[in-house]
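Numbered from 1 within each chain, the chains take letters A, B, ... in sequence-line order.
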2 protein chains.
Amino acid sequence: MELDNRKIIILKTIIKNYLATGEPVGSRTISKESGLSLSSATIRNEMSDLEEMGYILQPHTSAGRIPSDKGYRFYVDSILQESDNRVSEVTDIMLKRVDKLENLLKQMVKILAVDTNYAALVSGPVLSENKIRYLQLSQPSPVKLLLILVCEGNIIKTELISCKKPLDTEELLNLNLLLNNSLAGRSFKEITPKLIAELLVQAGSQRNLVSTILNAVVELMETGEESRDIYTSGATNILKYPELSETDKAQKLISAFEEKDELKELVAEVTRSETDNSHNVTVYLGGEGPIQNMQDCSLVTANYELGEGLRGVIGVIGPKRMDYEKVLHSMQVMMDQLDRMFGKEE
Amino acid sequence: MELDNRKIIILKTIIKNYLATGEPVGSRTISKESGLSLSSATIRNEMSDLEEMGYILQPHTSAGRIPSDKGYRFYVDSILQESDNRVSEVTDIMLKRVDKLENLLKQMVKILAVDTNYAALVSGPVLSENKIRYLQLSQPSPVKLLLILVCEGNIIKTELISCKKPLDTEELLNLNLLLNNSLAGRSFKEITPKLIAELLVQAGSQRNLVSTILNAVVELMETGEESRDIYTSGATNILKYPELSETDKAQKLISAFEEKDELKELVAEVTRSETDNSHNVTVYLGGEGPIQNMQDCSLVTANYELGEGLRGVIGVIGPKRMDYEKVLHSMQVMMDQLDRMFGKEE
DNA sequence: GTTAGCACTCTTTATCATCGACTGCTAACA
DNA sequence: TGTTAGCAGTCGATGATAAAGAGTGCTAAC
């Protein structure tokens, strides 16, 4: 059987209606709302077909139809295609100019949550190619060394290191020189065992100390997923959707949002799976890919990039019957905002 | 009327039972469980008295009694007294040695939540008297200055500052000298307008730059409540208690845990209200003090101190019928752990 | 002072009939 | 052949009613 135009219209009507109400939709409703002038009986026949083809299903005999995963998938894909061509309207979301990136992201995720009425998350950006600009050692107290690492994009990281015996000024200067000579300009990957070995040889008597420092540097450089910041908002929106608010499911979901660990993995997974999409907008339906343990949920994600290779993920989690059109649009607007704010700058 | 011994036993039995079940408790239950060999009828008479005295109340005519706020207060206070004398048993909570304080706190709050089955929060520590140990300026790129501020307790803060024109090495050195001379050893309060004015005079041609730097320093020093980190865990435990899991209340509470802003205020308020209690353990009943908008909740808080004046707040939020005994005990154990870990060190 | 017993209240739970929203099928129609 | 009207049948939702259960207050007796 073929999915002809009329079937498509009916399918879309069913889905839209279901998204809006959360209730199974019956043939009469469609007959009235689809725009087609067909009687409910005809619709019923078509619906029979659609069910047979697997796009919709019936929770129980005397109920209307709800979209199946295949149906959702079809719908989401067709929206995704449309919105590529659509110019996102300029909405006047007032993202007040904020001083810190962190605050900006917090603000963004909040707006997204309020705007969509779903749970939203944003990952802090991670440098894809994190290069050391320079590093600096100083000595706050006799047996402590402060390591300051400045990376491309002015990312600053510090670490306190204990050392056995105090260094005098000259030693400190030499150490700084030595480290900068070999490490400045290098990315994480370029700190090879060979390089480390060389450095240790050059270090001479300071061998142990240099080794400790190198460990600290490597640790700081590992912008590992574990260290990624995740900001969330609107987790409790989940409670608004009956199909998710059964105590058990809601608990799991909201916990995931609170503890963040799961979200980190999720972000990691999303980051890995690159597509050629412009902002890499992807829709995962419950059970697929990164959200296997989130039944009945949908996850919409997009990647953002702030220039200089700073990249992160933004996402919205809601029930399967989420208003995809709206969510995709909201995300688009967010992306545009970010592009505008950071495209111009620097 | 007087609260004689028998009344106290009955009252405690009522409360304990209510805490365990969440259901109003009737006279027969008490007759069986109180340990007193009295018939339910006698108990009923006593309960009448207790109700008249305001310690308990009846949700509706044909129901048992539940503790009133006055009842809770009585109960909590009596526990608090007891547990002062009690040696906290050593429980073998495995707080794995963690490298970062942040992780330790996260671990702690998680344990507390799991252990008590309520929602738990811990605030990151804040230096009560935050003194600058030294500060350092360096120049990562021609028009950027990196300000590094090292405070007592090895708290390190950094800030990137833009400057109009590049400084040469000597200027940078002088600037560092100037700033350290006047600021090192000072606490936030000691950076007075007078001091600032003096500094600006000494700065001479670098006046503008020094002003910018000073602003940054002051900003970094303000360990304002807004910048306090808050770690939470177990927010969804709230859903386990019927009296809180009505969508509306649960939503509010869990949101508070997610967005953290409210919690920050709460912590601020708790911090302000000092008592002479050893760990400053306090129980707030729903509506009292910092949790006015959290009806039907109780908040148990304690202060912790990590030496060097690093202080923070730890707390548990649950329904009014929370198992105070257990919570207070768990918190006690946490405090002991912290004391042990940080008392020995340094 | 304590207790047994009874009448009364009020919530909870179960049961049952009714209603309404659907579907699927058949037969008629264009 | 595609479309439609109509009807029987299914199943969940709703609401009313009854029965059960838990508790109290009061009174009278011990």
Side-chain angles (χ1 to χ4, degrees), chain A residues 1-11 13-15 17-18 20-68 71 242-243 245-246, chain B residues 1-11 13-18 20-68 71 242-243 246:
Chain A
M1 208 176 320
E2 208 202 342
L3 198 60
D4 60 14
N5 216 13
R6 197 168 75 179
K7 282 195 173 55
I8 292 180
I9 293 180
I10 292 175
L11 179 55
T13 311
I14 292 175
I15 298 182
N17 208 285
Y18 179 67
T21 63
E23 299 292 313
V25 359
S27 51
R28 258 201 87 215
T29 319
I30 301 176
S31 152
K32 279 184 294 181
E33 298 192 3
S34 69
L36 305 167
S37 3
L38 291 175
S39 78
S40 61
T42 315
I43 305 287
R44 279 204 287 283
N45 291 330
E46 295 286 25
M47 283 166 88
S48 258
D49 293 350
L50 283 171
E51 181 160 12
E52 201 180 318
M53 293 160 78
Y55 287 106
I56 54 181
L57 37 85
Q58 240 181 327
H60 55 87
T61 11
S62 79
R65 306 302 215 288
I66 62 173
S68 69
E243 65 266 53
S245 67
E246 294 152 44
Chain B
M1 208 176 323
E2 208 203 340
L3 198 60
D4 60 14
N5 215 14
R6 197 168 77 179
K7 283 195 175 53
I8 291 181
I9 293 180
I10 292 176
L11 177 55
T13 311
I14 292 175
I15 297 183
K16 267 190 194 160
N17 209 284
Y18 180 67
T21 64
E23 300 291 311
V25 0
S27 51
R28 259 202 87 215
T29 319
I30 300 175
S31 150
K32 279 184 295 181
E33 298 193 3
S34 68
L36 306 166
S37 3
L38 292 174
S39 79
S40 61
T42 315
I43 305 286
R44 278 205 287 283
N45 291 331
E46 295 285 27
M47 282 166 89
S48 256
D49 292 351
L50 283 170
E51 182 160 11
E52 200 180 317
M53 294 161 79
Y55 287 105
I56 55 181
L57 37 85
Q58 241 181 326
H60 55 87
T61 11
S62 79
R65 306 302 216 286
I66 60 174
S68 69
E243 65 266 52
E246 294 153 42

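- Protein atom CG of B:Asn45 is 10 Å distant from nucleotide atom P of C:dT3, rounded to whole Å.
- Taking 4.0 angstrom as the limit, A:Arg6 places a side-chain polar atom (N or O) nearer than this to OP1 or OP2 of D:dT3.
- Using a 4.0 Å heavy-atom criterion, one finds that B:Arg65 contacts the sugar-phosphate atoms exclusively.
- Side-chain contact between A:Tyr55 and A:Leu3: present, with at least one pair of heavy atoms (C-beta onward) separated by less than 4.5 Å.
- A 4.5 Å side-chain heavy-atom check between B:Glu46 and B:Asp49 finds at least one atom pair inside the cut-off.
- In terms of heavy atoms, A:Ser34 sits closest to A:Ser31 at OG-O, 4.3 Å.
- For the pair B:Gln58 CD and C:dC10 P, the computed distance is 11 Å after rounding to whole Å.
- To the nearest 0.5 Å, atoms CD1 (B:Ile10) and CG (B:Leu36) are separated by 6.0 Å.
- Within the structure, every side-chain polar atom (N or O) of B:Ser27 is placed at least 4.0 Å from both OP1 and OP2 of D:dG23.
- Evaluation of the side chain to side chain contact (heavy atoms under 4.5 Å, CB included) rule for A:Glu51 yields A:Ile56, A:Gln58, A:Arg65 as partners, not counting sequence neighbours.
- As rounded to whole Å, 12 Å separates atom P of C:dC22 from atom CD1 of A:Ile14.
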Tabulated below should be each protein N or O lying under 3.5 Å from an N or O of nucleotides 5-7 of chain D; please produce it.
residue: D:dG6; atom: O6; partner: A:Arg44; partner atom: NH2; Å: 3.0

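- With a 4.5 Å cut-off on side-chain heavy atoms, A:Ile30 and A:Asn17 do not count as touching.
- Between the NZ atom in B:Lys16 and the CD1 atom in B:Ile9 there is a gap of 10.0 Å [rounded to 0.5 Å].
- Atom P of nucleotide C:dG1 and atom CG of B:Leu36 are separated by 17 Å, given to the nearest angstrom.
- Residue A:Ile8 holds its CD1 atom at 8.5 Å from CD of A:Glu2, rounded to the nearest 0.5 Å.
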Would you tabulate the pairs of protein nitrogen or oxygen atoms and nucleotide nitrogen or oxygen atoms of nucleotides 28-30 of chain C closer than 3.5 angstrom?
none

Annotated protein contacts, base or backbone, on nucleotides 9-14 of chain D with a non-hydrogen cut-off under 4.0 Å, one of B, S, - each
-BBS--
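- Side-chain contact between B:Lys7 and B:Asp4 is present, with heavy atoms from C-beta onward closer than 4.5 Å.
- Using a 4.0 Å cutoff on non-hydrogen atoms, the parts of residues 46-56 of chain A near DNA chain C are A:Met47, A:Ser48, ordered by number.
- In a base pair of the Watson-Crick type (N1 to N3 plus N6-O4 or O6-N4) or a G-U wobble (N1-O2 and O6-N3), with each distance short of 3.5 Å, D:dC30 is matched with C:dG1.
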Using side-chain contact (heavy atoms from CB on, under 4.5 Å), reason through A:Leu11 and A:Met53 one step at a time and then give a plain yes or no.
CA-CA 11 Å; A:Leu11 179 55; A:Met53 293 160 78; over 6 Å; no
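- For A:Gly71 against A:Ile15, the heavy-atom pair with the smallest separation is O-CD1, 3.5 Å.
- Pairs passing the salt bridge (Lys or Arg N to Asp or Glu O under 4.0 Å) check and including a residue from residues 20-41 of chain A, sequence neighbours excluded, do not occur.
- Atom CD1 of A:Ile10 and atom P of C:dT23 are 12 Å apart (whole Å).
- The interatomic distance linking A:Glu23 (CD) with C:dA21 (C1') rounds to 11 Å, in whole Å.
- The shortest heavy-atom contact between A:Ser27 and A:Ser40 is CB-O, 3.6 Å.
- As a whole-Å value, the separation of A:Ile43 CD1 from D:dT4 P is 9 Å.
- Residues A:Ile66 and A:Pro24 are in side-chain contact: their nearest non-hydrogen atoms beyond the backbone lie under 4.5 Å apart.
- Between B:Asn17 atom CG and D:dA22 atom P there is a gap of 14 Å when expressed in whole angstrom units.
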